[in-house]
Amino acid sequence: MIPHYTAWRSLSSAVSNFGGRPPREPRFLRLAIWSQSFGYPLSIPGPLVVGALCQHNGGWQVPLLAIMVLTLAQVGPGLAALTAAQ
């Protein structure tokens with residue numbers, strides 16, 4: 001339940017970020033191009049890796065820990081990007 005909620009929460013945040021910027025701003029266009037050409041293919045193996053971790057370890061402890069670690073690792077760069085944008 002938690003990974004599902006987190007995934008939808010992240011998706012809604014990303015969509016609101018795209019919708020909140022003017023569509024002709026160069027920074028917005030670069031972000032949109034990057035996310036569509038690099039971000040989406042990068043995210044494809046995620047569910048497969050989580051499933052393999054779950055099967056290999058026989059439970060959800062390791063996959064959930066990996067998701068939490070990866071999520072926390074994104075906080076620093078996210079905050080840096082936020083302060084750089086302001």
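Not measured: the values here are computed from a predicted model. Computed over heavy atoms, backbone and side chain alike; hydrogens, waters and symmetry mates excluded.
- Residues Pro45 and Pro41 approach most closely at CD-O, 3.6 Å, considering heavy atoms.
- The CG atom of Leu72 sits 12.0 Å away from the CD1 atom of Ile67 when rounded to the nearest 0.5 Å.
- The shortest heavy-atom contact between Cys54 and Pro63 is N-CG, 3.5 Å.
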